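What follows is a set of notes on a single structure, which appears directly below.
Bear in mind that the values here come from a model prediction, so they are computed numbers and not experimental data.
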Amino acid sequence: MSGAKRVPVRIKRQDVSYPVIIQPRASQSALSRAFSSLGLADGRRACVLVDSGFAGARPDVERALKSIFPHGLFLRVAGSEASKTLASASGILGKMVGAGFTRSDLVVAVGGGVIGDLGGFVASVYHRGIGVVHIPTTLLAMVDSSVGGKTAVNLPEGKNLVGTFHQPLAVLDFLDLIETLPEADYRSGLGEVYKYAVGFDARLFNYLGSNAARVLAREPAVLARLVRDCVAIKARIVSLDERETGASRAADRRLLNLGHTLGHGLEKAYRMPHGVAVAIGVTLAARFSARVKLCRQRCYDEIMELGERLGLDSERTARWRLPEILPYVKRDKKMAGGRLQFIGIKSIGRAVVRPTRLEELEVLKG
Ligand SMILES: NC(=O)c1ccc[n+]([C@@H]2O[C@H](COP(=O)([O-])OP(=O)(O)OC[C@H]3O[C@@H](n4cnc5c(N)ncnc54)[C@H](O)[C@@H]3O)[C@@H](O)[C@H]2O)c1
């Protein structure tokens, strides 16, 4: 495949491996070649779930998939949390049964994290599990949610409360799909990129700092680098710790929660988009780390400066109050032995698990 880059993802425990194929454009021929190279354009049928917002912006992608899967079941789904329910999963599963889908057929999820989580969930339970291919259309889905095999639907009681681990057959990242993404959703994805740079990759951190304007202009060469680096980091961590058990310091999936512990609180308390809350959460983790002397003040300053260059909200610019966030943090499932499994920052590129009593978070005040 011309111009394509492959990042292999291997899950040790299950002996599973799949490619993340990064390509510049989602042309008809690039899509056909990708599915042929995976051995999936062989007459099997696909249930293709397409984000309805994306379908309007890029109808050519759905057309191309219809020619690759002429007997496919094409369903448009709204890219909103309201679609991530057991009821919509059940509706899709019923249509697959009605259309006579078998164990050798597959699901193709074309959209952001919502469609990926829902499509992955449906694939994981249909006939006890069939293959899924992700075609992410948001930056967040490309750099994060499409890799790692977590699927989820929401319950009225809360987000992502039901889900499975189901690794995809492949992830196809076509960078031009990002062009039509609304600015707010792009910034939300950048929040996750920022997390990867701050917590895991000092070189990516410096690269983002030196190329901030090009990042904001969504330059294809820059996007290629961001997606490749973030996927490689996530692949390395999940391949050794698929189920977040904290297998080793070098590959502890809990570290990927950098910015998320307080970020989830912000998301819920102020109804912020996920990645925006994560970016602010990263700056709060940096503030905490500097105050408890886990990292130097200079490290905190550099993290704040990069966020500013990328136009991300931070603990300095956003409205947040600890008492409003704490109730949600307390309910978070990431507590062990009465302590929060807080992810702190030791230095740029080095996130660490720092067991923390809730009262210790008071150092964030003032
Ligand atoms: N499984 C995981 O590991 C994981 C990780 C992080 C987040 N998530 C989940 O991801 C979800 C958030 O995903 P998201 O941020 O990708 O947003 P999203 O899926 O909610 O999509 C955001 C918006 O962008 C639109 N859209 C998508 N692609 C487009 C395109 N190319 N052009 C124009 N419009 C487009 C959608 O219609 C929607 O309105 C949450 O439900 C979260 O729980 C899952």
Side-chain angles (χ1 to χ4, degrees), residues 1 3-4 20-84 88-89 91-101 104-123 126 130-142 145-146 151 168-182 185-186 189 218 220 223 227:
M1 272 170 273
V20 177
I21 304 173
I22 304 168
Q23 301 187 72
R25 306 205 75 78
S27 61
Q28 158 92 51
S29 58
L31 276 157
S32 294
R33 276 198 307 272
F35 279 100
S36 299
S37 78
L38 295 165
L40 297 174
D42 57 357
R44 74 182 78 198
R45 298 201 305 162
C47 170
V48 185
L49 303 179
V50 188
D51 180 305
S52 50
F54 169 74
R58 285 291 303 266
D60 57 307
V61 172
E62 203 179 24
R63 269 199 307 274
L65 289 168
K66 279 185 176 158
S67 77
I68 299 167
F69 297 106
H71 307 295
L73 173 63
F74 283 77
L75 302 172
R76 288 192 180 183
V77 181
S80 74
E81 288 301 320
S83 300
K84 262 176 64 172
S88 55
I92 296 164
L93 291 164
K95 287 187 179 122
M96 289 169 72
V97 173
F101 269 63
S104 54
D105 294 321
L106 74 149
V107 171
V108 178
V110 187
V114 163
I115 307 301
D117 278 8
L118 177 66
F121 180 72
V122 164
Y126 189 77
I130 64 172
V132 59
V133 173
H134 289 296
I135 304 185
T137 66
T138 65
L139 181 61
L140 181 133
M142 282 189 197
S145 62
S146 62
T151 84
L169 297 172
V171 180
L172 306 178
D173 287 334
F174 296 101
L175 299 169
D176 66 325
L177 300 187
I178 297 291
E179 285 167 10
T180 56
L181 191 63
D185 293 297
Y186 183 69
R218 310 185 192 186
L223 286 179
V227 174

Nearest 0.5 Å please: distance from the [atom1] atom of [X] over to the [atom2] atom of [Y].
X      : Y      : atom1 : atom2 : value
Leu38  : Arg33  : CG    : CZ    : 12.5 Å
Leu223 : Arg218 : CG    : CZ    : 8.5 Å
Asp105 : Leu40  : CG    : CG    : 11.0 Å
His134 : Leu169 : NE2   : CG    : 9.5 Å
Ile21  : Phe174 : CD1   : CZ    : 8.0 Å

- Task: Please list, chain by chain and in numerical order, all residues satisfying salt bridge (charged side-chain N to carboxylate O under 4.0 Å, His left out) with Asp185, sequence neighbours excluded.
- Result: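 Once residues adjacent in sequence are excluded, Asp185 has no partner under the salt bridge (charged side-chain N to carboxylate O under 4.0 Å, His left out) criterion.
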
Locate the shortest heavy-atom distance separating [X] from [Y]; write the atom from each residue and the value.
X      : Y      : answer
Val108 : Ala46  : CG2-CB, 4.0 Å
Val50  : Glu62  : CG2-OE2, 3.9 Å
Gln28  : Ala64  : OE1-CA, 3.6 Å
Ala141 : Ser146 : O-OG, 2.7 Å
Leu49  : Val107 : CD1-CG1, 4.4 Å
Gly79  : Ile115 : CA-CD1, 4.4 Å

- Message: Strictly by side chain to side chain donor-acceptor pair (under 3.5 Å), give each pair with a member in residues 43-54 just once, sequence neighbours left out.
- Response: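 Pairs touching residues 43-54 that pass the test: Asp42-Arg44.
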
- Message: Could you tell me if the side chain of Leu31 sits less than 4.5 Å from the side chain of Ile135, heavy atoms only?
- Response: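 Ile135 reaches Leu31 side chain to side chain.
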
- Query: Should Ile22 and Met142 count as side-chain neighbours, where that means a heavy-atom distance under 4.5 Å?
  - Reply: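 With C-beta onward as the side chain, the pair stays apart.
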
- Query: According to the salt bridge (Lys or Arg N to Asp or Glu O under 4.0 Å) rule, which pairs have a member within residues 130-142, sequence neighbours left out?
  - Reply: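 Residue pairs passing salt bridge (Lys or Arg N to Asp or Glu O under 4.0 Å), neighbours aside: none found.
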
- Task: Determine, step by step, whether Ile92 and Leu118 satisfy the side chain to side chain contact (heavy atoms under 4.5 Å, CB included) criterion, reporting the C-alpha distance in whole Å, the side-chain angles of both residues, the deciding distance to 0.1 Å, and the verdict.
- Result: CA-CA 10 Å; Ile92 296 164; Leu118 177 66; 3.8 Å; yes

Is it the case that the side chain of [X] and the backbone of [Y] share a donor-acceptor pair, with hydrogens and angles ignored and the cut-off at 3.5 Å?
X      : Y      : answer
Arg58  : Thr180 : no
Ser83  : Ala78  : yes
Arg76  : Ala55  : no
Thr137 : Leu177 : no
Asp176 : Ala26  : yes

- Applying ring-ring contact (aromatic ring centres under 6.0 Å, His included), name anything that partners Phe101, two or more places apart in sequence or on another chain.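 ring-ring contact (aromatic ring centres under 6.0 Å, His included) check on Phe101 returns nothing, list empty.
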
- Query: Partners of Ser29 by side-chain hydrogen bond (donor to acceptor under 3.5 Å, both in side chains), sequence neighbours excluded?
  - Reply: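 Residues passing side-chain hydrogen bond (donor to acceptor under 3.5 Å, both in side chains) with Ser29: Ser27.
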
- Item | Chi angles and distances behind the side chain to side chain contact (heavy atoms under 4.5 Å, CB included) call for Leu75, Cys47 | CA-CA 8 Å; Leu75 302 172; Cys47 170; 4.2 Å; yes

- Would you list the pairs meeting ring-ring contact (aromatic ring centres under 6.0 Å, His included) in which at least one residue belongs to residues 20-57, sequence neighbours left out?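 For residues 20-57, and leaving out neighbouring residues, the ring-ring contact (aromatic ring centres under 6.0 Å, His included) pairs sorted by first residue read Phe35-Phe69.
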
